[in-house]
Structures are given as structure tokens and as C-alpha cells.
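Read through the structure below, which is laid out as C-alpha cells, and then see the notes.
Convention: sequence-line order gives letters A, B, ...; per-chain numbering from 1. The shown structure was predicted, so the numbers you read here are calculated from the model rather than taken from an experiment.
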There are 2 protein chains.
Amino acid sequence: MTPKPKSLLTKLDVPTKYLFSAGITNMSTRVKAAMILPLLSQSDPQFQQILKDITEGIRYIFQTSNRHSFAISGPNCLAFETAISNLTETDDKILLMEHGADGERMAKSSKTLTRKLIRLQVANPGDLVDTEPIKQALTAHQPKVLFLRHGDTSAGTLQPLRGIGALCRKNNCIFMVDASATVCCAPLSMDKLEIDVLIAGTQFALGLSPGLTLMSFNDRAVKAISQRKCRISHTMNFDLLAQSWGLTGDEKVVYHYTPSISLLYALRESLAEVVDEGLDKMIERHMKFSLVAQKEISKIGLKFLVEEESKRLTSVLVIQVPDSIKRDAIIEYLYKYYNVIISSGIPPIDKVWRIGILGQNANRSPVKLLITVLRESIQLAKKSEGESSLRSPSTISSTIE
Amino acid sequence: MTPKPKSLLTKLDVPTKYLFSAGITNMSTRVKAAMILPLLSQSDPQFQQILKDITEGIRYIFQTSNRHSFAISGPNCLAFETAISNLTETDDKILLMEHGADGERMAKSSKTLTRKLIRLQVANPGDLVDTEPIKQALTAHQPKVLFLRHGDTSAGTLQPLRGIGALCRKNNCIFMVDASATVCCAPLSMDKLEIDVLIAGTQFALGLSPGLTLMSFNDRAVKAISQRKCRISHTMNFDLLAQSWGLTGDEKVVYHYTPSISLLYALRESLAEVVDEGLDKMIERHMKFSLVAQKEISKIGLKFLVEEESKRLTSVLVIQVPDSIKRDAIIEYLYKYYNVIISSGIPPIDKVWRIGILGQNANRSPVKLLITVLRESIQLAKKSEGESSLRSPSTISSTIE
């Protein structure tokens, strides 16, 4: 018999963390309370009502009236593949607009789905894609889908979206956006921007444990899907997703798969928190505390990868590591002495720190803590240049008053 | 502006439910406590240790020494598609052994992945597949994969597995089993039974909120995967899954996608609970209270779809609805007056009740409650024949002493 693993003889214990990572952040008390509510079976009328509430909530935070708004029980890459495999057929062209390091994954993903790929990349990390090359690429290649991320968390860039929707319509192209890093923390209106498909993970400003991805499809997208001829994965089947969320209009709910019930409770409550605060106010709060953090980070003498403030993503700040300082020494110091978590860079943009100002942490006290310990660690690093790691806070208290 | 949805102005409240459904059951206190622990970023060493603990735990409950044992962040159908799309190529043959109503979904799924399908179906619901037809099908068709579910929750059947592994090896076929309904509640040893790929949802005996699926691949399966030539979805890519779980042997952990952190905490604790109780004792407890329930259900005068006790799945009991009684009236009565949830049948096996004796509910008090209210509802139904719904318990208290 395979023996009992010893590592499981202890109870899991996780200390309080201050999660300023480039994606995952701390959960609110209300969201946590929802996660441990008694489970319901899927066919329970109360559970069906929760799905309806979530659909309404997604419409509100995406600013759309799209009937087909729901959450899948899976990561962002599953949502990306779900959208692409429903919207396009083998050998269809996808235009991928990249303003960061994350495009590589989407590119591979599109290729494995046997779609043809056109990549529109920026010259330097921190740059944005201009309208003119988009126009040219759309006209020259006539892609079926244009995909971009509104906010890029590897370079810390915010891609302007105005005008792209209109260009896509003119070229009979579906405009698809990932707004994980901007939904509820930067102005975004799906309908006004003529976005056809919008997807967003729930671990950013919504502050949930990962595991769900929000999706919304407008009538143009639904029409494109209805014309699809090639076969599609059961898990990713759009019609089954819509039917299981009761979105087909005939009130008949079809079993598709067993969804993440507790995470859906959490999502329902997180959306209710947005409604309580008001979407505008929530965005305002995120922008305000991001600006506070940016100002203080500049005061420390650090520079952002994106110099121009208007091009900068506010929810995830990407900071250049000065030549004299070791990137990981700072990350380790914050982790070891304060349980403050920040992220490192994603290759090739790796000589950076990435800091999320998200959800509950977009507030006065968390930002104060972050800046204080960041300043302390930088000062200490300058003093201990050449040493492999930073000294403990206690040994330097007199020097950082 | 899309207005605030009114349905989200209230806080979510879910009363205590006694979930005897055919899959989802109540979570334990320890599992709930784990779900609200502070989130960790994926790169945190403590999170990496949690993944290692889970791998050990899966090896223990599957009774295997397979290195490639992990959990995907998605439903069972994603695990099925992950296994099939990694193990087989376009036009490869899959032998689907079906002893219930659920096969239709797997059949569709296999077809959408453009695999060729051979179906081995039983003549009547409640029957099992014999060894002889399996032998014949393997020899005649030489499929790449044979897939079956150990326990079928639609018919309440338990398929004997002994001998099938050897037949598969003889025919150069991969033996793949879904053990969602039996893992930790019926005897099952992956290695002894020569199962090459084992998958299992976490919402049955493990008692978690759904959202994760356990998977384990032995060396035969890994070898088959390594010979695959066709492209594969990013989300379902076996190599990336193994790399992100640190299972490649070189300790290098690669980012694949952001997993369901809180659900993985819960899984870790649920596996630790199995270790604390002991796998043998946990299986024994499930069998014991299932037998108690079966005996009492027979005493009420109800019959199981599977007459022969040895062929009966113990974790989900499938009970025939007597002609004189309305199926849904009983389900509604238990739900309305006692918050006790049982499931209805899946077409075409729909004139049944399905009752899960799973996880925490495989215990004296829950089973006592279940039997008491089931007996009450049946007695009441017999008295109120012809009426559209059952009277409330208060009006019949004198009659059911």
C-alpha cells in the first residue's frame, strides 16, 4: 500500500500576507464569508438566482447590455481559447496586438488552435501600439479577430482603446479585449468602445482567489459564433456555456459541467461590493491610491518603465531596478521582514519590480505600509552595496528615522 | 451608463443544507477554514510546498507511485479532454465503456476532439460490462485508449476493474478511468489495477467545493504523450501542467496559468483529513453508512435500480420511483421542509432518486436524518396519492409517529 505522506500530517497555516503582487491580492472579509457558505446543488433555484445576479454584475462592471455575460470555471488562458475556438475556424487569421511580454503565450495558444497569426509588436517595452499600424494590419490581412490586452502587467502599459472598435467593424473583424488588469480600476466601457468580446480574470481589482474568468459577447460575436462550422471542445462550447447560465432566453437551464460553486458565491459578493461602492467611485479610489503610490515611488528616486504618466497602467506599477541594486534582494527583504509581496519581472522585461495597487490594497494604510518598507529597503540596499543580502530592519533602525 | 443591478444590493445568504446530492456534499470545518486563509502568490515557496503536499496526497488516495500526479483548475470534462488530447492524435480510436447515462457527454467530447469512437454499451440500465466484450472490442478495434467510469452515478453501478488493465497492455491500449464517485469511498488501487490514467473530481468523498480535478499518469501514459505529434491547447498542455507542478525532476517551476489558490488550500486540507483518518478507515466508513442507508431504504419498501448488491455503487444510491409516487414531489418535500437535497435522474434513467452518501454525510446523524425524512415523505405520498404536492410535516405529525 502507498504509505501516508508525512507532509500531510500537519495542518495548513498561512500567515497574513500583504499581497501587492501583479495580479493576486488580498480577499475582503465579505468575500471570504461567502466562500464558506453552505454549498448548493446546481439545480437549486437559489443557485440559479446567484448566476443571474452574476450576469447582472458583469454587465454593470463591463458597462454593457450584452445578454451573453457569464463566468467560466477556469483560468484566463481557458477563456482566451474558449473565445478563439468559438469565433474562428482552422486557418482563420488572428491579429495579436502586443505591448508587453505576455503575448508569447497568446501567440503559442493561437497557433496550437491552428489559427494563423499576425503579430503587431511595439519596438520597445513601455511603448504602445499606434492607430496607424493597426489600420494598416487590419486592411492588409483582414483578420477574423483582433486581440489585445487593455492593460499589460509585464510592461505596465495601458493601451488606448478608442477608435479600434470602429476600425474593426469597418474591416469585418471581431474586437476582443482582455481587461483583467483594468476592470473596476480604470475607465472601461465595453459598449461605448465597441468591444465585441471582453474577458477578465477575477483576481485583480475584484480581489478573488483565482479560478474564474468573466466573459461577455455582443451580438456581432454571437453571430460570428453561430456561423462556425468546425467542431469544438465540450468544455469550451459557447452554446453549452450560454445554456448552462440560462442565457438562451427560453429559461431552460442545461447541464454543462459542475462549476466552482464557492468561487461563484465569492464572485457574487465581490460584484455586490462594487455595486455598494459604485463602479465610478471604485475606479476613482484605485486611480487615487495608484497616483499616491506613484508619487511616493518617484520621491524615493525610482523610475517607471513607462515614463509618460498617461500611458502608464495604474493597477500594476512596473518600476525599473536601478543598476546598483539587486532586484531579488529587495523582494526578499519585503517578504522576509514584513510579509509584503511584490512581483519580479517576466522575461525579457525582467529588470523590474511589479507592484499591484488592487482591490482592498488600493487604500491609505496598505499603500502607506508598502511605500514605507519599499523606501527602507532601497535605502538599506544603497548602504549595503556589494553584500549578497540586506540586513534585518532592527540593525538599521537608527539610520532610517 | 449601465445602471447598478438591484439584485446585488443584498448580501448573499445560504441556509444550512444537508447535501445528499449525487456529487456535491457538505464541506468540513477544516476545509472551510483553509479556503479563507490569506492568498499566496504562486511563486511563494510556501505555495510550492502546498503543491508538493497535494501531489503526495493524490499518490496516497489513488494508491500509486506515479510522479505525474496533480490537480487541474477546472471541471472533470476539462480533465477528460486534457487526457484525450494529450494521449491521442486526430483519428485515433477511443473505446468508451458505458454503464450509465453519462457516456453521451464523453462521446460528444471525444468526437469534437476529432477522435474515432467505439462505444461498448450495456443492454439495460443497471447492467455492467463483461470482460468478454471488452476483450473482443480491444482485439477487433485496437483502440489507443479505453475509457470508463469506475462508478456511474446515473445508474448507480460499480464497474469491476480487475483484469482490464492486463487486457489493455496486451493490446497496446492506454487504460483510463474516472474514479470521481469512488475515490476514498470504495477500494481502488491505481497501480495494482494497472490503470494508466486516473482522473477524479474533488466534490464527492473529498467534500470540496467543485473546481479542481485530480489527474495521475503512469510511465506508459507519459510515454504515449511524449510520442504525440499534433498541436495541443495551451490550457491542456501536459508538459506545461507537469512543469508548473514542479514534476519534471529538475526543480524548475514554469508558469502555466494562475491556479485556483483557495481551492488548492482546501484540497490540501481535505487530503490531510484522509491521511488523519486513514484511507482504509475512510473507505470502510463510507461503505458502512452506505450499507446502513441501503438497508433502511429497502425497509421503506423502495427498490434500487441495481438489484444485485455487489454491482451497486455505494457512494451514490439510485432508487426506483414507485409508480404510485411522484418523483419531484418527494424531492421538493425534503427540500422545502428539511433543507435535505437529493438528486433526480439523468435522462434516459430519470424515474429515479439519486442519493449521495459522501464525505461528512457518511456518518450516523446525517444518514439517520436522511432516512427519517425520506420515510416520512414516502408515507405521506402514499396517503396523498393524486394530490399535486405533499402536505407540510405539521399536518401529518400524528399519522407518522
Side-chain angles (χ1 to χ4, degrees), chain A residues 1-2 4-5 7-9 12 14 16-17 19 21 23-24 26-27 32 34-41 46 53 56-57 59-60 63-65 73-78 81 105 108-109 112 114 203 209-211 231-235 257-263 265 268-269 271-272 275 341, chain B residues 1-2 4-5 7-9 12 14 16-17 19 21 23-24 26-27 32 34-41 46 53 56-57 59-60 63-65 73-78 81 105 108-109 112 114 203 209-211 231-235 257-263 265 268-269 271-272 275 341:
Chain A
M1 179 168 179
T2 307
K4 288 185 181 183
S7 61
L8 285 169
L9 291 173
L12 183 62
V14 181
T16 302
K17 304 271 180 183
L19 259 178
S21 77
I24 305 168
N26 299 87
M27 285 190 280
K32 284 193 225 169
M35 289 243 289
I36 56 171
L37 284 171
L39 293 173
L40 292 166
S41 77
Q46 195 175 358
D53 293 353
E56 291 291 333
R59 286 176 186 147
Y60 176 59
Q63 288 290 295
T64 179
S65 59
S73 292
N76 259 51
C77 56
L78 185 66
E81 295 189 343
R105 211 161 44 237
K108 273 190 192 148
S109 199
T112 58
T114 62
Q203 64 266 34
S209 174
R231 290 168 175 181
I232 195 160
S233 136
H234 173 88
T235 314
Y257 57 66
T258 310
S260 304
I261 309 229
S262 297
L263 294 182
Y265 288 177
R268 195 260 178 217
E269 286 309 274
L271 292 167
V275 168
I341 319 273
Chain B
M1 178 168 180
T2 307
K4 287 186 181 182
S7 62
L8 286 170
L9 291 173
L12 183 61
V14 181
T16 302
K17 304 271 179 182
L19 260 178
S21 77
I24 305 168
N26 299 86
M27 286 189 281
K32 284 193 226 169
M35 290 244 287
I36 56 170
L37 285 171
L39 292 173
L40 292 165
S41 77
Q46 194 175 358
D53 293 352
E56 291 291 333
R59 286 177 185 147
Y60 176 60
Q63 288 290 295
T64 179
S65 58
S73 293
N76 260 50
C77 56
L78 186 66
E81 295 189 343
R105 209 159 48 235
K108 273 190 193 148
S109 198
T112 58
T114 63
Q203 64 266 33
S209 174
R231 291 168 175 182
I232 195 161
S233 136
H234 174 87
T235 314
Y257 58 66
T258 309
S260 304
I261 308 228
S262 297
L263 294 182
Y265 288 176
R268 196 259 179 218
E269 286 307 274
L271 292 167
V275 169
I341 320 274

Check: Given the options A/Arg59, A/Met35, A/Glu81, A/Gln46, which has more heavy-atom pairs under 4.5 Å with chain B than any of the others?
Finding: A/Glu81

Notebook entry, point to check: Is it the side chain or the backbone of A/Gln63 that comes within 4.5 Å of chain B heavy atoms, both, or neither?
Noted result: both

Note to self: Tell me which one of B/Asn26, B/Leu19, B/Ile341, B/Val14 satisfies side chain to side chain contact (heavy atoms under 4.5 Å, CB included) with A/Leu39.
What the structure shows: B/Leu19

Notebook entry, point to check: Have B/Ser21 and A/Ser41 got a donor and an acceptor in their side chains that come within less than 3.5 Å?
Noted result: no

Item checked: For B/Ser260 against A/Ser209, the heavy-atom pair lying closest together -> C-OG, 4.3 Å

Notebook entry, point to check: Which distance, rounded to the nearest 0.5 Å, do you find between the CG of B/Leu40 and the CD1 of A/Ile24?
Noted result: 8.5 Å

Checklist line | Closest-packed option against chain B by number of heavy-atom pairs under 4.5 Å, given A/Tyr60, A/Tyr257, A/Tyr265 | finding: A/Tyr60

Check: When you measure from the side chain of B/Glu56 to the backbone N and O of A/Leu8, does any donor-acceptor pair fall under 3.5 Å?
Finding: no

Check: Nearest 0.5 Å, what's the NE2-CG distance between A/His234 and B/Asn76?
Finding: 10.0 Å

Margin query: Tell me if the NZ atom of A/Lys108 is crowded by more than 12 foreign heavy atoms within 6.0 Å.
Written below: no

Note to self: Just verifying a value: how many Å separate B/Ser109 OG and A/Arg231 CZ, rounded to the nearest 0.5 Å?
What the structure shows: 11.5 Å

Margin query: Which one wins on heavy-atom pair count under 4.5 Å against chain B: A/Gly23, A/Ser65, A/Gly74, A/Ser233?
Written below: A/Ser233

Notebook entry, point to check: Among A/Gln203, A/Met27, A/Arg105, which has the most heavy-atom pairs under 4.5 Å with chain B?
Noted result: A/Arg105

Next item on the list: Please determine, among A/Thr114, A/Leu263, A/Ile261, the option with the most heavy-atom pairs under 4.5 Å with chain B.
Entry: A/Ile261

Next item on the list: To the nearest 0.5 angstrom, please state how far the OG atom of A/Ser262 sits from the CD1 atom of B/Ile36.
Entry: 11.5 Å

Margin query: So which atom in B/Pro75 and which in A/Thr258 form the shortest heavy-atom distance, rounded to 0.1 Å?
Written below: CB-O, 3.9 Å

Note to self: So which atom in B/Thr2 and which in A/Thr64 form the shortest heavy-atom distance, rounded to 0.1 Å?
What the structure shows: OG1-N, 3.2 Å

Note to self: Below 4.5 Å, heavy-atom pairs only: which of A/Gly57, A/Gly211, A/Ala272 has the largest tally toward chain B?
What the structure shows: A/Ala272

Item checked: Over all atoms of both residues, closest heavy-atom pair of B/Pro210 and A/Pro259 -> CB-O, 3.2 Å

